[in-house]
> 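Handing you this structure, nothing more for now.
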Protein chains: 2
Amino acid sequence: MSPTIKVLLAEDQSMVREALAALLGLEDDIEVVAQVARGDEVLAAVREHAVDVALLDIEMPGCTGIEAAAQVHRSLPAVKLVVLTTFGRPGYLRSAMEAGADAFLVKDAPAAQLAEAVRKVLAGERVIDPTLAAAALAEGANPLTDREREILRAASDGSTNAELAKTLHLSQGTVRNYLSTAIQKLAVRNRAEAVRIAREKGWL
Amino acid sequence: MSPTIKVLLAEDQSMVREALAALLGLEDDIEVVAQVARGDEVLAAVREHAVDVALLDIEMPGCTGIEAAAQVHRSLPAVKLVVLTTFGRPGYLRSAMEAGADAFLVKDAPAAQLAEAVRKVLAGERVIDPTLAAAALAEGANPLTDREREILRAASDGSTNAELAKTLHLSQGTVRNYLSTAIQKLAVRNRAEAVRIAREKGWL
DNA sequence: ACTGCCGTATGACAGATGTCATGGCGACGG
DNA sequence: CCGTCGCCATGACATCTGTCATACGGCAGT
């Protein structure tokens with residue numbers, strides 16, 4: 001009796017995106033009504049196509065799927081949000097939830113979970129991998145301040161202190177202080193490790 | 001008249017893998033007869049299912065799709081090899097070709113190219129993105145020696161010189177020398193940048 | 001009002017990192 | 001058999017990084 005579920009797919013790699021569309025197309029009750037390749041095109045497309053469920057990849061040009069989720073959640077709170085990602089990083093889960101996501105799936109989960117998640121969120125359920133949820137809770141919140149995160153992100157391409165100081169309009173000493181505190185908070189021994197760990201946890 | 005083309009799909013993320021299978025399943029002349037999630041399972045599966053074309057992702061546990069391609073190429077040279085990857089790194093293309101690949105596709109190409117590539121390689125054609133091919137040629141070969149690559153790879157997680165020396169059974173000075181020459185060859189200013197650049201080019 | 005915490009800054013110090021010159025050893029090509 | 005190259009090593013030097021103590025203004029919570 002119910003009409004088909006209208007789904008939007010946001011994913012930057014077209015081959016993956018179209019493959020997921022093919023997968024969902026096999027389901028009778030689901031219809032992919034829109035596809036976008038950039039985070040910043042999500043909101044408009046959701047509006048235009050009266051989407052029921054938006055399926056969002058995190059890593060996208062324009063803006064991340066998490067940011068896109070937040071935008072949609074603010075403007076159109078009725079739209080259900082499924083966040084889909086390659087990396088099961090606890091920090092991602094946390095921020096996705098804070099952005100109003102209804103489901104959080106990792107791409108190495110079985111494909112059947114995708115359609116299932118779409119149906120469940122529409123029924124008002126939340127879908128979260130319990131292992132990941134546990135990890136997210138166990139690990140605690142991001143200990144880094146905004147500025148520390150920003151400097152760490154800027155340092156992640158191998159820039160030197162002098163370059164960082166210039167681009168961030170800070171003194172060189174300040175840059176070192178921030179990196180130093182970040183290194184200590186993450187309990188590592190240099191900036192490279194700090195970047196790696198923060199990335200892994202989804203804190204960058 | 002010709003029987004269906006038997007395809008093996010190797011890709012570690014099950015959602016993507018099954019989605020690609022769904023996509024290829026839409027084609028009448030193609031049949032996905034095997035799916036594996038690890039590089040080191042490819043060869044056995046190709047043998048077992050008398051596969052015509054193997055579709056290999058590069059980033060996989062066990063071994064990379066490129067290594068798997070080389071194995072298949074050596075043992076069963078009649079099997080056609082399509083390498084599929086997220087990252088259009090020229091160095092990847094180069095090594096894929098050296099491993100005997102018949103096609104090289106990036107995941108952000110349109111989905112239609114996938115089935116098309118399968119048919120073309122079976123017809124004896126090679127399928128390569130011309131832009132990428134140009135980039136691979138323009139950039140030249142990997143200037144790093146085996147050892148330099150190895151040390152750079154080991155250093156990429158933020159290990160310190162002392163740790164590298166220990167795990168690689170080298171003197172600390174030697175480690176520094178290798179990193180220094182790698183840094184110079186890549187025309188960068190520190191190991192972090194060296195790692196980044198080498199990664200980008202697919203030289204790691 | 002007082003107490004944190006954040007952002008910013010400085011100066012000093014120790015230790016890590018990058019560079020350079022130099023050497024030995026083995027393999028491979030001319 | 002000689003030159004070149006890759007691999008490994010040492011020592012010396014300059015620079016970059018990480019740590020610590022200290023400071024000041026702002027802003028939030030008690």
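Not measured: the values here are computed from a predicted model. We name chains A, B, ... by the order of the sequence lines, and we start the count at 1 in each one.
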> Please give me the minimum heavy-atom distance between A:Ala68 and A:Cys63, naming the atom from each residue.
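Heavy atoms of A:Ala68 and A:Cys63 come nearest at N-SG, 4.0 Å.
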> With a 4.5 Å cut-off on side-chain heavy atoms, are B:Val83 and B:Ile58 touching?
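A side-chain contact under 4.5 Å exists here.
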> Expressed in angstrom and rounded to an integer, what is the separation of B:Leu170 atom CG from D:dC8 atom P?
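Checked: the CG to P distance equals 5 Å.
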> Give the rounded distance in Å between these two atoms: CD of B:Glu193 and C1' of C:dG18.
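Whole-Å distance recorded here is 13 Å.
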> Taking only the side-chain nitrogens and oxygens of B:Thr174, find out if one of them lies under 4.0 Å from OP1 or OP2 of D:dA9.
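B:Thr174 to D:dA9 OP1/OP2: side-chain N or O found under 4.0 Å.
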> Side chain of B:Gln184 only, please: which of D:dC20, D:dT10, C:dC20 is the nearest?
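Minimum distance to the B:Gln184 side chain belongs to C:dC20.
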> Can you tell me which nucleotide in D:dT17, C:dT10, D:dC7 comes closest to the side chain of A:Asn161?
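It is D:dT17.
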> To the side chain of A:Ile183, which of D:dC7, D:dT19, C:dT8 is closest?
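Out of D:dC7, D:dT19, C:dT8, the nucleotide with an atom closest to A:Ile183's side chain is D:dT19.
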> Rounded to the nearest Å, what distance is computed from the CZ atom of residue A:Arg191 to the C1' atom of nucleotide C:dT17?
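Answer to the nearest Å: 11 Å.
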> Identify, between B:Asn177 and B:Thr145, the residue whose nearest nucleotide on DNA chain D lies closer to the 5' end.
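So the residue in question is B:Thr145.
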> For atom NZ of B:Lys185, decide whether the heavy atoms of other residues, nucleotides or ligands shown that lie under 6.0 angstrom number more than 12.
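Buried by this count: over 12 neighbours within 6.0 Å.
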> Less than 3.5 Å between a donor and an acceptor, one on the side chain of B:Arg176 and one on the base of C:dG18, is that the case here?
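When only heavy-atom distances are counted, B:Arg176 does reach the base of C:dG18 through a donor-acceptor pair under 3.5 Å.
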> Taking only the side-chain nitrogens and oxygens of B:Thr160, find out if one of them lies under 4.0 Å from OP1 or OP2 of C:dT17.
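So the side chain of B:Thr160 is within the cut-off, an N or O lying under 4.0 Å from OP1 or OP2 of C:dT17.
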> Quick check: closest heavy atoms across A:Met60 and A:Arg38, and the distance to 0.1 Å?
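In terms of heavy atoms, the two residues are closest at SD-C, 4.0 Å.
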> Using whole Å, report how far NE2 of B:His169 lies from C1' of D:dA9.
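In whole Å, D:dA9 C1' lies 17 Å from B:His169 NE2.
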> To the nearest Å, give me how far apart CG (B:Leu164) and P (C:dA16) are.
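Distance, rounded to whole Å: 13 Å.
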> Tell me whether the OP1 or OP2 atom of D:dG18 has a side-chain N or O from A:Arg189 closer than 4.0 Å.
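No.
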> Considering only C:dT19, D:dC8, D:dA9, which nucleotide approaches the side chain of B:Ser180 most closely?
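That would be C:dT19.
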> Nearest whole angstrom, please: distance from the C1' of D:dC7 to the NZ of B:Lys185.
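So the NZ-C1' distance, B:Lys185 to D:dC7, works out to 11 Å.
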> Report the C-alpha separation of B:Glu150 and B:Arg153 in whole Å, then their side-chain angles, then the decisive distance to 0.1 Å, and conclude whether the salt bridge (charged side-chain N to carboxylate O under 4.0 Å, His left out) test is met.
CA-CA 5 Å; B:Glu150 215 174 319; B:Arg153 215 179 306 129; over 6 Å; no
